[in-house]
Amino acid sequence: MHSTDYELLLAQAEAITAGETDLIANLSNLSALVYDTLADVNWVGFYLTKAPETLVLGPFQGKVACLRIPFGKGVCGTAAATRTTQHVMDVHAFPGHIACDSASNAEVVVPLVVNDQVVGVFDLDSPTVGRFTEQDAEGLSKLGRFIETLDWA
Ligand code: SME
């Protein structure tokens with residue numbers, strides 16, 4: 001299986017966002033960084049809470065994706081509703097999974113919580129069942145904790 005140096009990825013994430021306060025600019029570059037760094041991923045990006053209990057598509061890398069996801073629906077909505085990282089080996093076994101791209105088979109979704117509000121989620125898809133390991137889920141959750149420290153105001 002692929003292994004990612006999450007300490008290095010975190011350092012790079014800090015470096016490319018340092019000194020920039022524009023959230024969309026930062027999330028755009030972060031999605032590009034992670035998409036380029038991780039092997040065997042086909043979608044990396046953000047859904048942002050733009051309406052009550054609703055995730056709206058944000059900056060991402062990958063194919064055209066679903067626009068709006070209610071909290072509680074699919075993997076992203078479950079991450080938002082439960083405020084816990086979702087680590088899914090096979091999305092087809094996940095009740096209510098939303099198939100934006102039929103090529104996606106594994107997924108990690110990290111909720112982003114700022115001032116006790118779910119401001120969005122960080123979503124990664126892979127075409128390979130079981131692609132994401134526990135190490136990935138932990139590393140990506142840590143990256144999520146860093147993303148929460150960006151300027152969300
Ligand atoms: N599969 C996700 C939807 C978002 S796309 O993967 C980009 C879900 O079930 O929430």
Side-chain angles (χ1 to χ4, degrees), residues 1-4 6 9-10 12-13 16-17 22-148 150 152:
M1 260 300 144
H2 318 284
S3 136
T4 299
Y6 282 101
L9 184 60
L10 189 59
Q12 289 170 327
I16 63 168
T17 55
D22 189 275
L23 183 68
I24 297 301
N26 282 331
L27 297 183
S28 300
N29 261 348
L30 286 169
S31 61
L33 172 71
V34 176
Y35 187 83
D36 270 350
T37 302
L38 269 68
D40 196 24
V41 291
N42 63 339
W43 203 92
V44 173
F46 297 90
Y47 280 89
L48 305 175
T49 310
K50 291 275 182 172
E53 306 273 300
T54 306
L55 296 166
V56 180
L57 183 64
F60 72 96
Q61 299 278 305
K63 286 193 178 164
V64 167
C66 318
L67 290 166
R68 284 171 189 258
I69 301 174
F71 279 27
K73 287 275 159 65
V75 185
C76 289
T78 300
T82 63
R83 302 184 175 203
T84 55
T85 293
Q86 302 296 301
H87 177 196
V88 183
M89 294 292 177
D90 181 354
V91 293
H92 305 287
F94 190 97
H97 159 249
I98 302 162
C100 292
D101 179 353
S102 61
S104 295
N105 283 309
E107 187 160 6
V108 170
V109 184
V110 179
L112 303 170
V113 181
V114 176
N115 294 331
D116 202 35
Q117 301 290 317
V118 178
V119 291
V121 301
F122 177 36
D123 181 19
L124 297 92
D125 288 355
S126 168
T128 304
V129 170
R131 155 67 181 84
F132 300 108
T133 62
E134 214 31 61
Q135 192 232 358
D136 290 305
E138 276 172 28
L140 294 166
S141 297
K142 273 192 198 155
L143 189 55
R145 300 297 78 78
F146 167 68
I147 294 167
E148 290 168 344
L150 297 174
W152 287 83

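As the structure lists them, so they are numbered: ligands from 1, and atoms in each ligand from 1.
Annotation: salt bridge (Lys or Arg N to Asp or Glu O under 4.0 Å) contacts involving residues 49-61, sequence neighbours excluded, are absent. Sorted by first and then second residue, the pairs that involve residues 133-145 and meet salt bridge (Lys or Arg N to Asp or Glu O under 4.0 Å), not counting sequence neighbours, are R131-D136, R145-E148. The salt bridge (Lys or Arg N to Asp or Glu O under 4.0 Å) pairs that include a residue from residues 64-89 are R83-D116, where partners are two or more places apart or lie in different chains.
Among protein residues, W43, Y47, I69, G74, V75, C76, H97, I98, C100, E107, D123, D125 come within 4.0 Å of ligand 1, judged on heavy atoms.
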With side-chain contact (heavy atoms from CB on, under 4.5 Å) as the test, would you mind laying out the steps for N29 and T17 before giving the verdict?
CA-CA 8 Å; N29 261 348; T17 55; over 6 Å; no
Audit row: S104, N42, side-chain hydrogen bond (donor to acceptor under 3.5 Å, both in side chains) steps and yes/no
CA-CA 7 Å; S104 295; N42 63 339; 3.2 Å; yes
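Classified by interplanar angle (parallel below 30°, tilted 30° to 60°, perpendicular above 60°), the ring pair F122/F46 is parallel.
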